[in-house]
Amino acid sequence: MEDVEHIEKKMKLIDENGLRLDGRKPEDMRPIRMEVGVLKRADGSAYIEWGGNKVLAAVYGPREAHPRHLQDPTKALVQCRYNMAPFSVTERKRPGPDRRSVEISKVISEAFDSVVFSEQFPRASVDIFIEILQADAGTRCAGLTAASIALADAGIPMRDLVASCAVGKIDGVVCLDLRKEEDNYGDADMPVAMIPRTGEVLLLQMDGHLTLDEFDKAFGMVKDAIGGIYEMQKDALRKRYAVTAEEFSDLPEQAPPERRAPPEREAPPEMPPEDGEVPQ
Amino acid sequence: MTELISELQRERVYRLAASGTRSDGRTPEEVRPLTIEKNYIKNAEGSARVKLGNTDVLVGVKVELGVPYPDTPDSGVLSTGAELIPMASPYFESGPPRPDAIEIARVVDRGIREAHTIDFKKLCITPKEKVWICFVDMHVLDYDGNLFDAASYGAMSALTCTKVPASKIGKEDYPLPIQHYPVSVTAAKIRDVIVIDPNRQEEQIADARLTIATDENGDIRAMQKGLRGSFSYEEISRVIGLALKASEVIRTKIKA
């Protein structure tokens, strides 16, 4: 569990040179790598490695919302399921939703709800699945960041991408992107998700202890970090979809750049001739 | 099932909030009258019935013997649950806790836990083997908006009058060791207007919600943003300021 444990401080998290356990400076993030379009069946998908986190996100939809009584005649539902694999954490996690993942699923769903142009798809649902394969603190931010590019991969119309990162406090110092030991033994953790272009905060949670000045500092740091993640998201999407001039000239005329195999469609059935009309 | 509100009503509640006098006559920065009745349930080790305006929440604390978590072998345990029972609203249904109730319980829990409200070390009997476990159960009896704060005030009030039943193990009962008094204050954003302690109608038309738990030093202990709308940094700072301002009177009432 990354957010509720009350553990007494036993560990020194910042050394005499001001460096963290993994040699990072307070404002450094862990290495991040993301890839779009990693699953065949899903309408959109993405994989992210963020420090020790390995997270897959898949998007289905817009599709008919089930059960039907949940359908909204004015807009699509945006539903997220955040789930941790039993082997993703040190102690095996019992499979299925626990209270923590129910809460995280709820706040992530709400974060995406105002970004997706859901009014375009009445009675439908856009289903987002986030699987934490390996956890090392900051999984909800990694999941949200991946889900955002998976939504783009699925072609879901959105106002913008959503990018997310956490900031916290360890040994009294405000630090970006805590890893597991820092989260467990640190003083505060604050995951934030924003629309990077406008600065609108879509997800904000905090636990621990921050003075007002520390909050201001933390917010400034995480805002800058989110700007950087936004660029990485766009790069990942470009890498998936960009076509170079050479590639383009090699393409047979009229054929769209290959994306993934289009769904097989049956040829339209021939219309039976109407009565009295003789086929020529 | 969600409660519907007519467009006319929606517009009226918004306009009133924007005008500075809300649908129930309050200013945007005013909390509804809060009454706290402690020791309401005799069979509970601690309890409180809290009314925040017409929102009515009963919280009971049961303290039982149990085994500590392996990673905190010398600490007692806090376990928090919320039930939105069908008597409290025509739109609450029976059954296992749904995401709404889980979020309320977890946000209340976070505010209390992160402020180090309870001295858990004093709840240890035998390290690794036996500790006291505090079960805080929040029962919503009447829903008229802002369950996050009503439940939190109820939980804090109940904990402040909780007795650890040490006579069960041949010692003397003692009051639950409370070291801090965090206070949660929730704001709702309705289009461009921010009000604190939203009533039911305001909650129905709110675009976003922000809960801030602060301690007696004016520091932040927990935050939770909810609903689909967004907050700007300036708005968050404003809500923090409003929460700090409102928290003092509430803290005095919880301590009393």
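Here the structure is a predicted model, which is why all the values come from computation and not from measurement. Throughout, protein chains are lettered first and strands after them, A, B, ... in sequence-line order, and every chain is numbered starting at 1.
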Student: To the nearest 0.5 Å, what is the distance between CD (B/Glu103) and CD1 (A/Ile104)?
Tutor: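 Going from CD on B/Glu103 over to CD1 on A/Ile104, the span is 11.5 Å.
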Student: Taking side chain as everything from C-beta outward and backbone as N, CA, C, O, which of these in B/Leu78 sits under 4.5 Å from a heavy atom of chain A? Side chain, backbone, both or neither.
Tutor: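 B/Leu78 has no heavy atom closer than 4.5 Å to chain A.
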Student: What residues of residues 156-169 of chain A make heavy-atom contacts with chain B at a cutoff under 4.5 angstrom?
Tutor: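 Those residues of residues 156-169 of chain A which would need a heavy atom under 4.5 Å from chain B do not exist here.
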Student: Which heavy-atom pair separates B/Asp215 from A/His209 by the least distance, and what is that distance?
Tutor: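 Shortest heavy-atom separation between B/Asp215 and A/His209 comes out as OD2-NE2, 4.0 Å.
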Student: Counting only heavy atoms closer than 4.5 Å, note whether A/Met190 contacts chain B via side chain, backbone, both or neither.
Tutor: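 For A/Met190, the side chain is the part near chain B, not the backbone.
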Student: Please answer whether the main-chain N or O of B/Gly229 pairs with a side-chain N or O of A/Ser114 as donor and acceptor at a distance below 3.5 Å.
Tutor: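 Flag not set: sc A/Ser114 to bb B/Gly229 has no pair under 3.5 Å.
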Student: Looking at every non-hydrogen atom in both residues, tell me the closest pair between A/Asp216 and B/Ser237 and how far apart they are.
Tutor: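 Looking at all heavy atoms of both residues, the shortest contact is OD1-OG, 4.3 Å.
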Student: Check each atom of A/Ser118 against the heavy atoms of chain B and say whether the ones under 4.5 Å are side chain, backbone, both or neither.
Tutor: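 Only the side chain of A/Ser118 comes within 4.5 Å of chain B.
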Student: Who wins among A/Leu210, A/Ile195, A/Val78 for the most heavy-atom pairs under 4.5 Å with chain B?
Tutor: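 Max contact count across the listed options: A/Leu210.
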Student: What is the minimum heavy-atom distance between B/Arg110 and A/Met206, and which atoms define it?
Tutor: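 Residues B/Arg110 and A/Met206, closest heavy atoms: CD-O, 3.9 Å.
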Student: Are the side chains of A/Lys106 and B/Asp100 in contact, using a 4.5 Å heavy-atom criterion?
Tutor: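 In short, these two side chains touch, coming nearer than 4.5 Å.
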Student: About how many Å separate CG of B/Asp219 and CG of A/Asp213, when rounded to the nearest 0.5 Å?
Tutor: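 Spacing of CG (A/Asp213) from CG (B/Asp219) equals 9.5 Å.
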Student: With chain B as the partner chain, list the residues of residues 221-230 of chain A whose heavy atoms fall under 4.5 Å from it, by residue number, and write 'none' if nothing qualifies.
Tutor: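 Residues in range: none.
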Student: Is the shortest distance from a Lys or Arg side-chain nitrogen in A/Glu110 or B/Arg209 to a carboxylate oxygen in the other one below 4.0 Å?
Tutor: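 Salt bridge between A/Glu110 and B/Arg209, a charged N being under 4.0 Å from a carboxylate O: no.
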Student: Drop me the distance from B/Ile212's CD1 to A/Leu204's CG, to the nearest 0.5 angstrom.
Tutor: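 Going from the CD1 atom of B/Ile212 to the CG atom of A/Leu204 covers 7.0 Å.
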Student: Chain A heavy atoms under 4.5 Å from B/Ile236: which part of the residue, side chain, backbone, both or neither?
Tutor: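 The answer is the side chain of B/Ile236.
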Student: Provide the closest heavy-atom pair for B/Lys225 versus A/Val107 in the form atom of the first, atom of the second, distance.
Tutor: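 Distance-wise, the nearest heavy atoms are O-CG1, 4.1 Å.
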Student: Got a second to check how far B/Asp71's CG is from A/Asn184's CG, nearest 0.5 Å?
Tutor: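 Between B/Asp71 CG and A/Asn184 CG, I get 8.0 Å after rounding to 0.5 Å.
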Student: How close do A/Leu202 and B/Ser230 get, heavy atom to heavy atom, and via which atoms?
Tutor: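 Nearest heavy atoms, A/Leu202 then B/Ser230: CD2-CB, 3.7 Å.
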Student: Heavy-atom distance under 4.5 Å to chain A: side chain of B/Ile240, backbone, both or neither?
Tutor: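 Side chain only.
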Student: Under 4.5 Å between any side-chain heavy atoms of B/Arg106 and A/Val102, yes or no?
Tutor: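 Not in contact.
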Student: Which distance, rounded to the nearest 0.5 Å, do you find between the CG of B/Asp109 and the CZ of A/Arg99?
Tutor: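 Here the interatomic distance stands at 7.0 Å.
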Student: Near A/Glu91 CD, under 6.0 Å, is it more than 12 heavy atoms from other residues, nucleotides or ligands?
Tutor: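 No, because the 6.0 Å sphere around CD of A/Glu91 holds 12 heavy atoms or fewer from other groups.
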Student: Among A/Gly208, A/Pro191, A/Pro97, who wins on heavy-atom pairs under 4.5 Å with chain B?
Tutor: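 With the most close heavy-atom pairs to chain B, the winner is A/Gly208.
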